[in-house]
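As the structure is a prediction and not an experimental result, all values here were calculated from the model.
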Amino acid sequence: MGDTNGQVVAGGNSEGNRLDQLNYPTDVLIDKETDSLIICDTGRVVRWSRRSGTTQGEILIDNISCRGLAMDDQRYLYISDYGKHEVKRYQIGDKNGTIVAGGNGKGADLNQLNYPTYIFVDQQQTVYVSEYGNHRVMKWNKGAKEGIVVAGGQGKGNALTQLSHPQGLFVDTLGAIYVADGENNRVMRWPKGAKQGTVIVGGNGEGEGANQFNALEGLSFDRHGNLYVVDWGNDRVQHFTIE
């Protein structure tokens, strides 16, 4: 905290598909059990040890159009596949996985997904999915054959009932959903069961100001409730204190 320079912990050897390279990585999580990084890379999911001296990663899953990652308390890995419009759950080391959301082709029905991006999994193994193509967030209960729309789903737009290409996703312990509303350049909060959301940061048009964004991507909270937002078009990460 407070550093002005970062250090390379994975990749850094230009773009490519060698084991010491990454190619447009989109999501990452820390596996505390093995003290490693699990990274969503182009066409594959790779793991890099965080121990010093690590010079290359290992492939966990390949031939996947990976976009988002999550891990539950039992260390199951969840991966969104935007090529197959599905989310699968994997045991670490298993390359096949089980479909837990979508898997019925691209579409807008409740048993389908349309370009799933970021995912969030709660303690009940409920899977929340941002659907870039359907402008909605879906909730899939464990074992469900179809999902429930929990944010957006009213077409593309900037009304409080709508989303426009949603991306990053976080769900708190009360079931409130925080979503990076990508093209609307705002972060929204949707309380559990709400038909519309509220804007908690942004929503002031596209720009470089401290209260503006330019094409939102990921978001995350720390344990103190501070919000971190990947401001993709402005090449920066923004930090907000949320009341």
Heavy-atom donor-acceptor pair, [X] side chain to [Y] backbone, under 3.5 Å:
X      : Y      : value
Thr42  : Asn23  : yes
Gln21  : Asn13  : yes
Asn185 : Ala215 : yes
His165 : Tyr132 : yes
Asn234 : Arg236 : no
Asn184 : Gly157 : yes
Arg89  : Gln125 : no
Asn134 : Arg136 : no
Lys106 : Lys84  : no
Gln212 : Asn204 : yes

Practice item. Could you please spell out the steps behind the side chain to side chain contact (heavy atoms under 4.5 Å, CB included) verdict for Tyr178 and Ile200? Key: CA-CA 9 Å; Tyr178 297 81; Ile200 57 169; 3.6 Å; yes
Would you name the heavy atoms of [X] and [Y] that are closest together and state the gap between them?
X      : Y      : answer
Ser49  : Ser36  : CA-CB, 3.9 Å
Asp31  : Arg75  : OD2-NH2, 2.7 Å
Gly168 : Ser130 : O-OG, 4.3 Å
Gly83  : Ser65  : N-CB, 3.5 Å
Val179 : Pro166 : CG2-CB, 3.8 Å
Arg50  : Ile30  : NH1-CG2, 3.8 Å

Indicate yes or no: at least one non-hydrogen side-chain atom of [X] is less than 4.5 angstrom from one of [Y].
X      : Y      : answer
Ile148 : Asn141 : yes
Pro116 : His85  : yes
Val229 : Phe240 : yes
Leu110 : Val149 : yes
Ile119 : Val87  : yes
Met188 : Leu160 : yes
Val46  : Leu22  : yes
Arg186 : Phe213 : no

Check your understanding: Taking 4.0 angstrom as the limit, do Asp81 and Lys88 come out as a salt bridge?
Key ->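 Salt bridge flag = no for Lys88 with Asp81.
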Review point. Any ion pair linking Arg67 and Glu217 (charged N to carboxylate O, less than 4.0 Å)?
Key: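 Salt bridge flag = yes for Arg67 with Glu217.
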**Study point:** Chi angles and distances behind the side chain to side chain contact (heavy atoms under 4.5 Å, CB included) call for Leu77, Leu29
**Key:** CA-CA 10 Å; Leu77 189 60; Leu29 58 80; 4.2 Å; yes
From [X] [atom1] over to [Y] [atom2], what is the distance, rounded to the nearest 0.5 angstrom?
X      : Y      : atom1 : atom2 : result
Thr34  : Trp48  : OG1   : CH2   : 14.5 Å
Ile92  : Glu33  : CD1   : CD    : 9.5 Å
Arg44  : Asn17  : CZ    : CG    : 6.0 Å
Asp41  : Cys66  : CG    : SG    : 8.5 Å
Phe170 : Ile177 : CZ    : CD1   : 12.0 Å
Asn226 : Ser220 : CG    : OG    : 10.5 Å

Transitively linked via ILVMFWY side-chain contacts under 4.5 Å: [X] with [Y]?
X      : Y      : answer
Ile59  : Leu37  : yes
Tyr82  : Ile64  : no
Trp232 : Val201 : no
Val171 : Leu163 : yes
Tyr90  : Ile38  : yes

Practice item. Report yes or no: do Asp72 and Tyr78 form a side-chain donor-acceptor pair below 3.5 Å? Key: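 Yes - a donor-acceptor pair under 3.5 Å links their side chains.
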Practice item. Show your working on side chain to side chain contact (heavy atoms under 4.5 Å, CB included) between Asn214 and Asp231 and close with a plain yes or no. Key: CA-CA 6 Å; Asn214 179 5; Asp231 189 3; 4.1 Å; yes
Is it the case that atom [atom1] in [X] sees more than 12 heavy atoms from other parts of the structure closer than 6.0 Å?
X      : atom1 : value
Gln74  : CD    : yes
Tyr115 : OH    : no
Gln56  : CD    : yes
Lys142 : NZ    : no

Point to revise | Option from Val100, Ile99, Leu113, Val121 for which side chain to side chain contact (heavy atoms under 4.5 Å, CB included) with Trp140 holds | key: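 Going through the options one by one, the only one that passes is Leu113.
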Practice item. Apply the test side chain to side chain donor-acceptor pair (under 3.5 Å) to residues Tyr228 and Asp222: give CA-CA distance (whole Å), side-chain angles for both, the deciding distance (0.1 Å), then the verdict. Key: CA-CA 8 Å; Tyr228 300 83; Asp222 67 19; 3.1 Å; yes
Point to revise | Verdict with reasoning, His135 to Gln162, per side chain to side chain contact (heavy atoms under 4.5 Å, CB included) | key: CA-CA 7 Å; His135 314 291; Gln162 294 177 305; over 6 Å; no
